[in-house]
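What follows is a short report on a single structure.
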Amino acid sequence: MPARNHRLPRDLAWPLTPNDIRTVLGVQETDAADLDFDNRPWEDGTALHVEWMPRLSSNYGGGIHPGWWCTVRIRVAPLPAAERAAARHILRQSALPELAAWISAARHAPEPWTLSRHSRSWRPEGSSTAHRDDQQPYL
């Protein structure tokens with residue numbers, strides 16, 4: 001979704017595009033993930049969030065075959081439009097490579113880890129990013 005998408009108020013913009021994510025993850029991995037662009041900013045400044053959703057029979061009910069279940073959910077939150085360019089540069093430099101590594105590690109993690117939900121979030125902080133795991137405070 002381009003940052004100029006009309007779903008957002010003029011003072012907000014998404015710092016990343018689907019193409020930014022697709023470039024780092026590859027088309028196949030991006031297609032296997034649930035990619036969503038939020039309409040409202042997160043209160044804590046999170047710009048990028050990934051969540052591991054385990055494939056359990058209890059969470060794919062309602063007729064959805066487990067093979068179709070997306071185990072990775074990626075969300076991009078809008079930021080103030082004036083911060084978009086700087087945030088995009090920072091997120092592309094550090095958060096997106098970390099996102100790709102996190103997803104790869106999750107896909108190859110031992111079964112006990114994959115059977116529960118996990119997440120990682122990133123937010124721009126100055127000239128770098130801060131991250132947090134499983135909704136813990138930012139480092």
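If you're wondering where the values come from, they're calculated on a predicted model, not measured in any experiment. The first residue of the sequence shown is numbered 1, and numbering continues consecutively from there.
Between the CG atom of D38 and the CG atom of L12 there is a distance of 11.5 Å, given to the nearest 0.5 Å. Separating the CD atom in Q136 from the NE2 atom in H131 is a distance of 11.5 Å, to the nearest 0.5 Å. Here the CG atom belonging to L48 is positioned 14.5 Å from the CH2 atom belonging to W14, to the nearest 0.5 angstrom. The OG atom of S116 sits 11.5 Å away from atom CE of M53, with the distance rounded to the nearest 0.5 Å. Going from atom CG of D44 over to atom CD of Q135 covers 8.0 Å, rounded to the nearest 0.5 Å.
R123 forms a cation-pi arrangement with Y138, by the criterion of a distance under 6.0 Å to the ring centre and an angle within 45° of the ring axis.
Between R88 and D20 a salt bridge is recorded (basic side-chain N to carboxylate O distance below 4.0 Å). Salt bridge status for R117 with D134: absent, with no side-chain N to carboxylate O gap under 4.0 Å.
Nearest heavy atom pair, residue P124 against residue G45, reads CD-O, 4.0 Å. Of all the heavy atoms in A106 and T114, the pair that sits closest is O-CG2, 3.7 Å. The two residues A81 and R10 make their nearest non-hydrogen contact at CB-O, 3.8 Å. Of all the heavy atoms in P41 and P78, the pair that sits closest is CB-O, 3.3 Å.
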Before giving the answer on side-chain contact (heavy atoms from CB on, under 4.5 Å), spell out for V50 and V72 the whole-Å C-alpha distance, their side-chain angles and the decisive distance to 0.1 Å.
CA-CA 7 Å; V50 63; V72 176; 3.6 Å; yes

Next item on the list: Take R75 and W42, measure what side-chain contact (heavy atoms from CB on, under 4.5 Å) needs, and give me the verdict at the end.
Entry: CA-CA 11 Å; R75 294 172 64 194; W42 288 30; 3.6 Å; yes

For residues 91-105, run the donor-acceptor check on the side chains, cut-off 3.5 Å, and write out each pair with its distance to 0.1 Å, sequence neighbours left out.
from, atom 1, to, atom 2, distance (Å)
S94, OG, I90, O, 3.2
S94, OG, T129, OG1, 3.1
E98, OE1, W122, NE1, 2.7

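A chain of hydrophobic side-chain contacts below 4.5 Å, direct or via other Ile, Leu, Val, Met, Phe, Trp or Tyr residues, connects W52 to L35. Criterion: ILVMFWY side-chain heavy atoms under 4.5 Å apart, direct or through other members. Under it, L8 and V76 are part of a common hydrophobic cluster.
In this structure, a donor-acceptor pair under 3.5 Å is absent between the side chains of N19 and T17. A side-chain donor from one of R107 and T71 sits under 3.5 Å from a side-chain acceptor of the other.
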